[in-house]
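Since the structure comes first, as structure tokens, the remarks are kept for the end.
Any value given below was found using the heavy atoms of this structure, including those in side chains, with hydrogens, waters and symmetry copies removed. In what follows, residues are counted from 1 in the order of the sequence shown.
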Amino acid sequence: MEHRVAITGIGAVTPLGNTAKETWEGMVAGRCGIGPITHFDTENFKVKVAAEVKDFDGAALLGKQEAAHLDLFSQYALVASDEAMADSGLDVEGVIDRERLGVYVGSGVGGINAFADNVHVISERGPRRASPFMITMMIANMASGNIAIRHKALGPTLPVVTACATSAHAVGEAFRAIKHGYADAILAGGAEAAIMPDSIAGFTSCRALTTNPDPATACRPFDAERNGFVMGEGACVLVLEEWQHAVERGAHIYAEVVGYGNTDDAYHITSPDPEADGITRAIRLAVEEGGVKPEEGLYINAHGTSTKLNDASETRGFKQALGEDAARAAHVSSTKSMTGHMIGATGAVEAMACALALENGVVPPTINYRTPDPECDLDYTPNEAVECELTWALSTNLGFGGHNAALALRAVERSA
């Protein structure tokens, strides 16, 4: 027996705000979360800007002792999970069988701050000075592990690590687990905190990041002048829940997850396939499973990284998967123009944007868009949000290693 899957809770910590509500309001307003890097001195770095989380106090939100034993990516994840659980109502005792509650929260990079800090300590003061929490702060599964401990989630629990597609795959795999009866609800998403010297240096060396120092133009997806992505950080956690379980307890349902595609380009370690075959197949799989009609009320939250190769390849993929007419009729946008590229958290944030766009009938914009690119010739919702009737949404994400993920969401029919 297959089960329908609802989104009943959302939590987020992003460069636009430290809650899902603040993040969504920032997206609709077209607010830019990008600014000069403040986490470290960039004097000797080519890259000067990033999309940092602002005014986050993990010690105040989680307790001083707990925060001290968590890398920043895990702190973001726990705070987002608290919000999502409270929003869903599953934080009330007895509402769900804890053995049927799972956690699928990943990270593309993991605890790189804890790793770098301890490497420095070991090199300066010797191996005996390594923190006893070094490993548990560093390993990428600890966002899932700590969330499970915090919320007594005794069901299926795992991380996903597929670089920039991480949390899209986490949501997709959670969808499948619930659809096929392995859980009643799963906290799904991702977290990242990699705005630090080693990470920025590495991404700069592989020519992924923009060296444009102007926050207002650094990230401009699908624009002809784009030249690289802007690193972001934060976390997003969605509560996916078996539909009937949600209905019977009177939960608010934001949207329904109806389809998921997972493919690989098998082409290159960083570059997307210029023929876009992998993302095309992922989209087709999600659309077919969802039983949705491409030409009817579609919003696409594109991966839209603001790199030359991704944006052109992704545009081609939309046309190949949906058909030229349906792709041109769709409302497309890249919220990375506002949040930056949150790596392992980005897919869940963009699935959140899809769910809230469907619920509110508003498509968030692609900001900083000025100069059309002949290779990117769809409706990218330039610079201002658009109100419209939406039937379904598609969220796409691509990661280093050729990983592709596509999620299809359907709007909930509500009585007048």
- Message: Are V287 and W392 packed together at the side-chain level, in the sense that at least one heavy-atom pair is separated by less than 4.5 angstrom?
- Response: yes

- Can you pull the ring-ring contact (aromatic ring centres under 6.0 Å, His included) pairs that have at least one residue in residues 134-159, sequence neighbours excluded? none

- Under 3.5 Å side-chain donor-acceptor pair for N310 and T307: no

- Would you call E314-K319 a salt bridge at under 4.0 Å N-O? no

- Message: Is it true that E275 and Y267 share a donor-acceptor pair across their side chains at a distance under 3.5 Å?
- Response: no

- Task: Kindly check if the number of other-residue, nucleotide or ligand heavy atoms within 6.0 Å of CG (D198) is above 12?
- Result: yes

- Message: For R226, is there an ion pair with D373 - N to carboxylate O distance below 4.0 angstrom?
- Response: yes

- Message: Applying ring-ring contact (aromatic ring centres under 6.0 Å, His included) as the test, list every pair that has at least one member in residues 270-308; sequence neighbours left out.
- Response: H303-H341

- Does the ring centre of Y380 sit less than 6.0 Å away from the ring centre of F222? yes

- Message: With a 6.0 Å cut-off on the ring centroids, do Y76 and F56 count as close?
- Response: yes

- Query: Less than 4.5 Å apart, any side-chain heavy atom of I367 and any of E384?
  - Reply: no

- Going by the side chain to side chain contact (heavy atoms under 4.5 Å, CB included) test, name the single residue among V53, V349, V237, T23 that passes it with V13. V53

- Taking only Lys NZ, Arg NE, NH1 and NH2, and the carboxylate oxygens of Asp or Glu, determine whether E324 and R328 approach each other closer than 4.0 Å. yes

- Item | Non-hydrogen side-chain atoms of M338 and C32 separated by less than 4.5 Å | no

